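The first residue of the sequence shown is numbered 1, and numbering continues consecutively from there. Any value given below was found using the heavy atoms of this structure, including those in side chains, with hydrogens, waters and symmetry copies removed. Just so it is clear, the model here is predicted, and its values are computed rather than measured.
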Amino acid sequence: MQGKVLTLTKRIRTTPFSPRIEKYVNGVTVYNHMILPTVFNGLEEDCRHLKTDVQLWDVSVQRQVEISGKDARKLLEKLTPRSLENLTSEKCLYIPMVNKLGGMINDPVLLKLDENRYWISIADSGVLLWVSGVASGLSLDVSVFEPDVFPLAIQGPKSRKLMEKIFGSEIRSLKYFDFKKFNFGSHKVNIARTGWSKQGGFEIYVEGYDYALNLWDELMLNGRDLNVRPGCPNQIERIESGLLSYGSDMTIDNTPYECGLGRFCNTNLKESCIGAAALKEESLRGPKKIIRSFDIKGPRIPFCTNSWPITLNGNKIGKITSGVFSPDFDTNVALGMIDVNFSTQGTEVKIEIDGDIRTAFVSEKPFTTKLTPFV
Ligand code: THG
């Protein structure tokens with residue numbers, strides 16, 4: 001279906017920033033029933049620019065599911081195996097959410113707005129229905145809904161300089177995974193030091209349509225000398241960095257341990273969260289398969305839209321779930337799920353790409369370059 005036109009309907013939502021990016025965007029996908037740009041000037045050029053300058057990303061697709069009310073905290077404790085003990089207001093927390101079998105429901109970022117009010121900033125799956133269902137089943141006193149919030153990510157080594165121009169020097173004291181309210185004119189906006197790249201950056205939780213375009217324009221204007229451009233999560237950069245994509249690299253059939261997210265599961269302490277028993281068992285037994293990075297040798301691979309078998313001596317031992325050519329590492333970088341028995345650093349395997357057999361090597365670490373620090 002490559003190259004076909006995607007018919008827009010009411011079910012595929014645009015965002016407040018759509019009018020500003022329409023002209024520049026060269027590819028889009030659908031994520032949480034909403035448009036997400038995937039390419040501007042080509043994946044490789046977008047990646048180079050992200051690593052050297054600063055980009056504005058319309059990541060409105062990172063929908064917020066708000067949980068508010070007297071039992072909000074109680075519900076959250078059920079929803080994630082991660083300990084929320086040290087969660088304070090103005091802190092973001094990456095929280096796996098699982099079902100009773102320990103299967104991943106989603107891997108959102110949690111924000112505590114106040115004691116009885118939380119946002120979960122979700123990846124692509126039906127969290128609103130899941131959370132509403134759990135709340136109803138437990139007869140909890142909460143409301144669960146998707147507020148009109150549209151995250152705008154400012155990513156890249158020059159992102160801090162750009163943010164400082166608009167929000168003042170206080171932005172410099174914001175630590176990784178913290179958030180805080182800043183003024184934009186008469187508006188108060190939540191800004192976090194987060195984002196789906198490893199190049200450094202921020203996410204602005206834009207509320208409603210009122211000031212969205214004005215904020216976009218201010219960022220573009222103030223970023224002229226920093227070579228700011230519209231951008232989007234970049235497949236090359238995120239695969240190199242080992243950032244996992246729910247629905248691609250992991251699904252409801254995978255546990256957090258299989259996804260390398262075991263460090264976010266405190267199942268010894270949390271016996272009452274959904275999936276606790278299954279996760280505890282898995283933590284003792286150890287997962288049978290695990291996500292790893294891969295270096296796939298040979299010429300440039302095609303873009304991985306489905307998955308490619310990983311084999312050893314003709315036996316299937318896993319699958320590649322995302323892969324792309326990386327100009328910086330001058331090789332094909334990939335993520336995939338592999339039998340733990342063959343998951344150690346440097347293990348040689350074969351990958352079948354549409355009938356073509358390639359040699360690949362397992363890597364226990366992401367592909368990391370020396371990052372350009374914030375300017
Ligand atoms: N930001 C916000 N919402 C999001 C994403 C985001 N929703 C969708 C998706 N991304 C959720 N998934 C992730 C996956 C990885 C990270 C954040 C959200 C991430 N991981 C870091 C890492 O892997 O190095 C840090 C994890 C940690 O140690 O806490 O940032 O990007 N708002």
Side-chain angles (χ1 to χ4, degrees), residues 65 67 71-88 91-112 118-140 142 144 177 242-293 317-319 321 335-345 347 362 364-366:
V65 172
I67 303 177
D71 292 333
R73 178 62 173 244
K74 200 165 160 191
L75 175 55
L76 270 168
E77 292 284 5
K78 285 275 170 202
L79 291 171
T80 180
R82 183 157 185 187
S83 166
L84 303 179
E85 235 170 24
N86 299 323
L87 180 63
T88 54
K91 263 225 172 319
C92 305
L93 219 54
Y94 184 40
I95 54 161
M97 287 171 52
V98 301
N99 65 14
K100 199 169 174 184
L101 303 172
M104 293 287 295
I105 293 278
N106 202 282
D107 68 329
V109 175
L110 169 67
L111 286 82
K112 176 178 178 179
Y118 300 82
W119 281 345
I120 39 188
S121 184
I122 65 171
D124 189 14
S125 73
V127 171
L128 179 67
L129 298 182
W130 167 254
V131 174
S132 305
V134 172
S136 311
L138 296 172
S139 304
L140 295 177
V142 287
V144 180
F177 262 66
L243 287 168
L244 305 181
S245 178
Y246 186 81
S248 298
D249 305 311
M250 55 185 163
T251 70
I252 199 159
D253 294 324
N254 300 120
T255 67
Y257 294 99
E258 291 174 348
C259 303
L261 303 178
R263 64 187 186 282
F264 302 118
C265 298
N266 303 67
T267 34
N268 280 332
L269 306 166
K270 295 196 65 173
E271 287 182 349
S272 66
C273 72
I274 298 168
L279 292 181
K280 192 154 193 178
E281 194 193 312
E282 171 129 320
S283 74
L284 297 173
R285 179 170 47 91
K288 294 195 172 72
K289 50 186 191 291
I290 195 156
I291 290 183
R292 286 285 186 252
S293 293
I317 54 164
K319 62 183 183 193
T321 49
L335 290 166
M337 187 75 76
I338 188 168
D339 184 325
V340 283
N341 295 311
F342 308 106
S343 64
T344 52
Q345 180 72 30
T347 304
V362 175
E364 291 186 37
K365 292 225 171 69

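Put simply, the residue from Pro366, Ser293, Ser245 that forms a side-chain contact (heavy atoms from CB on, under 4.5 Å) with Leu335 is Ser293. Of the candidates Leu84, Asp71, Val142, Val131, Leu84 is the only one forming a side-chain contact (heavy atoms from CB on, under 4.5 Å) with Leu76.
With rounding to the nearest 0.5 angstrom, the NZ atom of Lys270 is 13.5 Å from the NZ atom of Lys280. Atom CD1 of residue Ile105 and atom CG of residue Leu79 lie 9.0 Å apart, to the nearest 0.5 angstrom. Atom CZ in Arg263 sits 10.0 Å away from atom SG in Cys265 (nearest 0.5 Å). Going from atom CG of Leu128 over to atom CD1 of Ile120 covers 9.0 Å, rounded to the nearest 0.5 Å. Rounding to the nearest 0.5 angstrom, the gap separating the CD1 atom in Ile95 from the CZ atom in Phe264 is 11.0 Å. One finds the CD1 atom of Ile290 at 8.5 Å from the CD atom of Glu364 (value rounded to the nearest 0.5 Å).
When all heavy atoms of Ala278 and Gly102 are compared, the pair lying nearest together is CB-N, 4.0 Å. The nearest pair of heavy atoms linking Thr80 to Pro96 is OG1-O, 2.7 Å. Across all their heavy atoms, Cys259 and Ile291 have their closest contact at CA-CD1, 3.8 Å. Across Asn86 and Lys91, no two heavy atoms sit closer than the pair O-CD, 4.4 Å. Shown here for Tyr257 and Leu279, the closest heavy-atom pair between the two residues is CE1-O, 3.5 Å. Heavy-atom minimum distance, Ala135 versus Leu75: CB-CD2, 3.9 Å.
The side-chain heavy atoms of Ile67 and Trp119, taken from C-beta on, include no pair separated by under 4.5 Å. A heavy-atom distance below 4.5 Å is not found between the side chains of Thr344 and Val362. Side-chain contact between Val127 and Met97: present, with at least one pair of heavy atoms (C-beta onward) separated by less than 4.5 Å. Proximity of Thr255 to Val98: side-chain heavy atoms (C-beta onward) are nowhere separated by under 4.5 Å. Between Ile252 and Asn99 there is a side-chain heavy-atom pair separated by less than 4.5 Å.
Take Lys112 and apply the salt bridge (Lys or Arg N to Asp or Glu O under 4.0 Å) test, not counting sequence neighbours, and it matches Glu115.
Every pair tested for salt bridge (Lys or Arg N to Asp or Glu O under 4.0 Å) that includes a residue from residues 95-109 fails, sequence neighbours excluded, so the list is empty. Sorted by first and then second residue, the pairs that involve residues 123-137 and meet side-chain hydrogen bond (donor to acceptor under 3.5 Å, both in side chains), not counting sequence neighbours, are Asn106-Ser125.
Side-chain N or O atoms of Arg292 include none that pairs as donor or acceptor with a backbone N or O of Ile338 at under 3.5 Å. For Tyr246 (side chain) and Met104 (main-chain N/O), a donor-acceptor pair under 3.5 Å exists by modelled atom type. Although no hydrogens or angles enter the test, the distance criterion places no donor-acceptor pair under 3.5 Å between the side chain of Glu258 and the main chain of Pro287.
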(request) Apply side chain to side chain contact (heavy atoms under 4.5 Å, CB included) to the pair Asn254 and Met337, showing each step before the final yes or no. (result) CA-CA 10 Å; Asn254 300 120; Met337 187 75 76; 3.3 Å; yes
(request) Go through the steps to decide whether Lys74 and Glu77 satisfy the test salt bridge (charged side-chain N to carboxylate O under 4.0 Å, His left out), and finish with yes or no. (result) CA-CA 5 Å; Lys74 200 165 160 191; Glu77 292 284 5; over 6 Å; no
